[in-house]
Q: 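Structure provided below as C-alpha cells; questions to follow.
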Amino acid sequence: MRFALLLVAFLGCAHHPRMFSPADDKAARSVLDAQLAAWNRGDLDGYMAGYAKSTDLVFTSGGNIRRGWQETYDKYKAKYGGDTATMGKLSFEILSIQSLGADGAIVLGRWKLTDTPVAGGGVFSVALERRPEGWRVVHDHTSSNP
C-alpha cells in the first residue's frame with residue numbers, strides 16, 4: 001500500500017513534456033490572421049507586430065536576405081508606405097502548418113496582393129516560435145510568381 005501511494009505521488013509530480021497542440025495551431029493561424037487584418041486596414045505597425053521584434057528575425061525575398069525586425073520594417077515601409085492606398089489588399093491561403101516540436105511551427109502558404117501599384121502573388125513559408133509575448137514569426141521566406 002505504501003508503495004502504491006509513493007507511486008501515485010511520483011506520477012503526479014512527473015513532468016509531462018509540452019507538445020504542439022490544436023490550440024497552438026490555432027494560435028499560429030491567429031498571428032497570420034491578425035497580420036492580414038492589419039495590412040488590409042493600412043496598419044503596417046500592426047502587421048509587423050506578428051514578427052519577433054528581434055535582431056534575429058530573418059526575412060528573405062527577391063534574392064535578398066534581411067536581418068532584424070527594424071530592417072524588415074524599413075523595407076516594408078519603403079516599398080508599401082503605410083496606408084491602404086499604397087499597401088493594397090492582401091490575402092493568404094494557408095496550405096499547411098507543420099510543428100517543429102512544442103515551441104515551433106512552419107506555415108506554408110500562398111499570398112496575393114491587389115489594388116496597389118506593386119501587386120503580385122506567390123508562395124511563403126514562415127517559421128513561428130512560441131515566445132514570452134506569444135507566437136511570432138522568426139523567419140519569413142517569401143517568393144513572387146514569375
Q: Is the closest side-chain donor-acceptor distance between Ser30 and Asp33 under 3.5 Å?
A: no
Q: Side-chain contact test, heavy atoms from C-beta onward, threshold under 4.5 Å: evaluate it for Leu128 versus Val107 and give yes or no.
A: yes
Q: Can you list the steps and then say if Thr72 with Leu57 is a side chain to side chain contact (heavy atoms under 4.5 Å, CB included)?
A: CA-CA 8 Å; Thr72 301; Leu57 173 66; 3.7 Å; yes
Q: Less than 4.5 Å apart, side chain to side chain, heavy atoms only: is that true for Arg130 and Asp24?
A: yes
Q: Under 3.5 Å, side chain of Thr116 to main-chain N/O of Thr86, donor-acceptor pair present?
A: yes
Q: For Trp69, enumerate each residue passing the ring pair (Phe, Tyr, Trp, His ring centres under 6.0 Å) test, keeping only those at least two apart in sequence or located in another chain.
A: Tyr73
Q: Can you find a pair of side-chain heavy atoms, one from Phe20 and one from Asp103, that are under 4.5 Å apart?
A: no
Q: Given side chains that start at C-beta, do those of Ile97 and Ile106 come closer than 4.5 Å, heavy atoms only?
A: no
Q: Return yes when atom CZ of Arg67 has more than 12 non-hydrogen atoms of other residues, nucleotides or ligands closer than 6.0 Å, and no otherwise.
A: no
Q: Run the ring-centre check on Trp111 versus Phe124 and record whether the distance is less than 6.0 Å.
A: no
Q: Does the side chain of Val58 come within less than 4.5 Å of Val138's, by heavy atoms?
A: no
Q: Considering all heavy atoms of both residues, which atom of Arg66 and which atom of Ser61 are nearest to each other, and what is their separation?
A: NH1-O, 3.9 Å
Q: Taking all non-hydrogen atoms of both residues, which atom of Leu113 and which atom of Met87 are closest, and how far apart?
A: CD1-O, 3.1 Å
Q: Is Arg110 reaching over with its side chain to a backbone N or O of Leu95, donor-acceptor style, under 3.5 angstrom?
A: no
Q: Is the ring centre of Phe59 less than 6.0 Å from the ring centre of Tyr76?
A: yes
Q: Taking all non-hydrogen atoms of both residues, which atom of Val31 and which atom of Trp135 are closest, and how far apart?
A: CG2-O, 3.2 Å
Q: Do Arg136 side-chain atoms and Ala49 backbone N/O form a donor-acceptor pair below 3.5 Å?
A: yes
Q: Is it the case that the side chain of Asn40 and the backbone of Leu90 share a donor-acceptor pair, with hydrogens and angles ignored and the cut-off at 3.5 Å?
A: yes
Q: Kindly indicate whether the side chain of Trp39, heavy atoms from C-beta on, has any atom under 4.5 Å from the side chain of Lys89.
A: no
